[in-house]
Each structure stands twice: as C-alpha cells, then as structure tokens.
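Remarks on the structure that follows.
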Amino acid sequence: MMSSKNRNSLLNQMSQNEFDVVVVGGGITGAGIALDASSRGLKVALVEMQDFASGTSSRSTKLVHGGLRYLKQLEVKMVADVGKERAIVYENGPHVTTPEWMLLPIYKGGTFGKFSTSLGLRVYDFLAGVKKSERRSMLSKTETLKKEPLVKQENLLGGGYYVEYRTDDARLTMEVLKSAVSYGATVLNYVKANEFSYHTNRVNGIHATDLVSDTPFSIKGKYVINATGPWVDEVRKKDYSTNNKNLRLTKGVHLVFDQSVFPLKQAIYFDTPDGRMVFAIPRDGKTYVGTTDTFYNSEKATPKMTNEDREYILESIRFMFPEVNVHEEDVESSWAGIRPLIYEEGKDPSEISRKDEIWEHESGLITIAGGKLTGYRKMAEQVVDLVVSRMKLNEGIIYSASNTKNIRISGGDVNGSNGFQKYIEKISKRMQE
C-alpha cells in the first residue's frame, strides 16, 4: 500500500474520507503517532512534504541511547523514561537495532570522574532497567587501553563500559510507518500541508498540495497533529492560536572516515577540548564521529557542514586519539541534522533539555515538540492518549489504551531479541539447503 503505483488511489482515499487523525510530518515522531493511533482503531492519514525520514530522523548519531549525560543535568526522569524505552525499541525491532558496547574513558580533570562514572552508570542501569547481561563494568587503565589502544594515555584513569543500541534511524522510521499502514493508516510523502481548515474556529483538516502532480486537495480530520520536527513553529504559525513557547534549532554534524585512516575498533563516548562529549563509532569498515551542537537559523531542509564544524570534530579526534593523524582530505563524507529543542533562555545548545512537550492549541491543533529518537514510542502514546481522551469527552467514543509496547514493527516479528539469532540461523540454513 505504500508503493508509488498506488499513489493516485491513496490521494483519492485522503481527499474523499474523513479521518480521526491527520498527522503532518513523516519522521519518526509522526510515524510513531500513526502506528499508535491506527493500532487502537483510529482512522489515520499522514503526510510528509519530502521523503519519509528525510529530516532529523535520518541524520542522528544512529543510536537508540538513554542519554547518560543527562544525569549530570539531573534530568533523572528523562533518563529513566528513555532508558526503558531503549529496551522496548530493541525488542520490537531487533532487525534494525543492535546492542553496542560503549567505552567511556575516564581522565583526571575530565567530565566524568572515576567515582561519578561508577555511580552514574550504576544509577543509569537502575533507572533504565538494564538487563543483567548488559550492565556496566568499570575498567582499569590497562583494560581500557586493551579495549581501544588509540585513546589518549595521558591522565587516563580507567573507563566505564556499558551498552547503548545502534540503529539505522531512517529504516527504523520506515518500518514503523509500514506497521502503521498494516493497521490501516493512509500515508503519503511529497504532500505539503499548506494551511488548516476550520469549522467554527476548530481545526478540522488541512489544505495540501500533491507535489508530484502540483495538485491541491484537502484532507478532513477530527484532530490534526503537528509532528514536523524543525518545522513545528513554521506549521503552527499557520494556525490562529498559539502559545508563548518556541523551538530553538541546533545543528549536529558527523564526519565519516575509512578505517584505514581511523582504525577504531571500539565505540567511544569521549570528552572534547571544550568539555562537551561526542561519539566515535566503528561501523562497516568506516568510523563516524559526532556530533557538533550549535544554534542554527538557516535553511532547514538541507543543512550543511561548515568548515568550522569540520575543524571542531577533527580537533576533537586529535585531542582524544593523538595517534590518529586526520586531516580535511581524510573526511570521506558528512551529514548534518537539526534538533528541534524547546527554547530555554540563556542556555548553550548542549545545555538545552531534550525533553518533549505536547501543546494543545485553542483551535484544537495538537503539536508535539522536542524529544529524542529513543523516546518516539512513548511520545506517540502520550499524543494519542490526548486525542482519545478528547474523543471520549466530546463524542463519547472509547478507544483502548496503547499497546505499542508489545507491537513488533514491520520485519521484527521474530520473537524478540532472543529469537532473532535463531531466526537468522534458520534462514541461513534454509538458504544453504
């Protein structure tokens, strides 16, 4: 049903039906909302003006992670919530999510001390409900260097060793969307939402344009959800009602090197010269490093790496891996993404919370702002909970509670992470016969 061959049919469905929910935005947040709502039995339409996952949801660090550094900011609830969500995302999609052991080198005078790291990781394990086989361990200096000989030896005290989860963010988004479609959602990309439609000052749909044929059409919906990430403010300004909250966009850049240039063998979470922390991750013969975190006010669809971005990451690599002699010409590729963070006055980019908020407008428009890749499922649940509570109040219609905690996303119905390896072995055996 997501095939371009069905595009005209899908356009007709969108224009000729009234939906319970119209979702604007086809990144991981919108995809999660479409899955949660459709799996509860709501009639859902979703539109995306570019490719699905073409924005922030394809430009992350490719980690479903719990945000260890947020413990330092005392965001205990966020760490607990997203930490637990890591495991759910993994169990529901082990084909697109893989445990990745992460090394956190500890240095004299560094961001994390030996005691604070041990305590922090212990608290992290507890808050996130980490399974026994993936709980943290503390390493000596010798053990740390054995894990990764390239790290700086000067003032090295040891290391923390813990699990994060590696993913393909764009594919994760696509699998969630495919699952939503399997539950009856109607989804289309290259459809731009131009403005809202109203009945007695209440939003009751959108006026849109099919960008493939340049044809205008309308989609009717009882509730409209703005899940457009970096475009959230731009979209909600089309509504007559708003609030005093705003997004602050920050840009994150990653650089990619061949392993022949940067032969990293162990994923690392490390200090930069200015006290921030970034990831260096080996993957498929390459090593990628990021991310930067700078305020961004330019074009949203295709953010670019600047010379300053590149030099910042190169300097960070030289700082932590002094034997790795990387230069501008060693950069094979890069990617840049925009984080839509909720504005907090006076804070630097790295200090602004990654929390999410749901804003319900006077017009009935619902906006989901902020958040992290890891927390997409819970964010979606909270948004749809709001919608069904309004439907119960206004129309007397009762829908079930969310069950996405137990829904295997498309391709992931392999009996969880424990069954995934058996599934691979079964398929491999079948191919050899």
Side-chain angles (χ1 to χ4, degrees), residues 1-58 92-93 96 168-194 196-197 203 205-213 215-229 231-232 235 301 365-368 373 376-377 379-381 383-384 387 402 404 407-412:
M1 286 298 292
M2 291 179 70
S3 170
S4 60
K5 295 178 181 179
N6 300 322
R7 188 173 185 85
N8 289 335
S9 173
L10 293 172
L11 284 166
N12 286 334
Q13 288 179 43
M14 282 193 168
S15 61
Q16 293 174 10
N17 290 285
E18 181 183 28
F19 295 86
D20 295 313
V21 175
V22 177
V23 182
V24 182
I28 189 61
T29 304
I33 293 167
L35 174 57
D36 191 292
S38 59
S39 66
R40 298 197 208 191
L42 280 76
K43 194 172 183 179
V44 178
L46 178 147
V47 296
E48 162 60 43
M49 69 176 179
Q50 303 178 97
D51 277 328
F52 296 123
S54 61
T56 306
S57 297
S58 59
N92 287 340
V96 291
D168 180 329
D169 49 7
R171 188 180 171 200
L172 174 64
T173 303
M174 289 303 300
E175 302 294 12
V176 174
L177 276 170
K178 286 159 62 180
S179 297
V181 170
S182 75
Y183 279 98
T186 304
V187 307
L188 265 177
N189 56 5
Y190 292 96
V191 172
K192 181 173 174 57
N194 299 314
F196 300 108
S197 60
V203 170
I206 62 172
H207 298 302
T209 301
D210 171 25
L211 298 179
V212 174
S213 63
T215 304
F217 70 105
S218 297
I219 308 173
K220 291 296 182 185
K222 296 175 183 175
Y223 296 88
V224 177
I225 299 170
N226 173 14
T228 54
W231 288 268
V232 153
V235 169
L365 174 68
I366 296 170
T367 291
I368 175 73
L373 172 69
Y376 86 87
R377 190 207 65 85
M379 290 161 58
E381 178 182 314
V383 170
V384 181
V387 171
S402 174
T404 52
I407 292 178
R408 309 304 191 195
I409 63 173
S410 177

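Residue numbers run from 1 in the order of the sequence given.
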Write down the atom of [X], the atom of [Y], and the distance for their closest heavy-atom approach.
{"X": "Ala208", "Y": "Val191", "value": "CB-CG1, 3.8 Å"}
{"X": "Ser58", "Y": "Ala170", "value": "CB-CB, 3.9 Å"}
{"X": "Thr56", "Y": "Asp169", "value": "O-OD2, 4.5 Å"}
{"X": "Ile206", "Y": "Phe196", "value": "CG2-CD2, 3.9 Å"}
{"X": "Ser179", "Y": "Ser410", "value": "OG-N, 2.6 Å"}

Output all residues satisfying side-chain hydrogen bond (donor to acceptor under 3.5 Å, both in side chains) with [X], sequence neighbours left out; order by chain, then residue number.
{"X": "Ser402", "value": "Asp36, Thr404"}
{"X": "Ser218", "value": "His207"}
{"X": "Tyr183", "value": "none"}
{"X": "Thr215", "value": "Ser213"}

Is there side-chain contact between [X] and [Y], with at least one heavy-atom pair below 4.5 Å?
{"X": "Ser9", "Y": "Gln13", "result": "yes"}
{"X": "Ile225", "Y": "Val384", "result": "no"}
{"X": "Glu381", "Y": "Arg40", "result": "yes"}
{"X": "Val387", "Y": "Ile33", "result": "no"}
{"X": "Asn17", "Y": "Thr186", "result": "no"}

Listed pairs under 3.5 Å, donor-acceptor, residues 18-29 side chains, sequence neighbours left out:
residue, atom, partner, partner atom, Å
Asp20, OD1, Lys222, NZ, 3.4
Asp20, OD2, Lys43, N, 2.7

Partners meeting side-chain contact (heavy atoms from CB on, under 4.5 Å) with [X] (sequence neighbours left out):
{"X": "Asn226", "value": "Thr228, Val232, Val235, Arg236, Leu365, Thr367"}
{"X": "Ala180", "value": "Ala34, Leu35, Ser38, Ala185"}
{"X": "Asn8", "value": "Leu11"}

What distance do [X] atom [atom1] and [Y] atom [atom2] have between them, rounded to the nearest 0.5 Å?
{"X": "Thr173", "Y": "Phe52", "atom1": "OG1", "atom2": "CZ", "answer": "10.5 Å"}
{"X": "Gln50", "Y": "Asn189", "atom1": "CD", "atom2": "CG", "answer": "10.0 Å"}
{"X": "Ser54", "Y": "Tyr190", "atom1": "OG", "atom2": "OH", "answer": "6.5 Å"}
{"X": "Leu172", "Y": "Tyr376", "atom1": "CG", "atom2": "OH", "answer": "5.0 Å"}
{"X": "Lys192", "Y": "Leu211", "atom1": "NZ", "atom2": "CG", "answer": "7.5 Å"}
{"X": "Glu175", "Y": "Arg408", "atom1": "CD", "atom2": "CZ", "answer": "14.5 Å"}

**Study point:** Results of salt bridge (Lys or Arg N to Asp or Glu O under 4.0 Å) for Arg7 - residues two or more places apart only
**Key:** Asp210
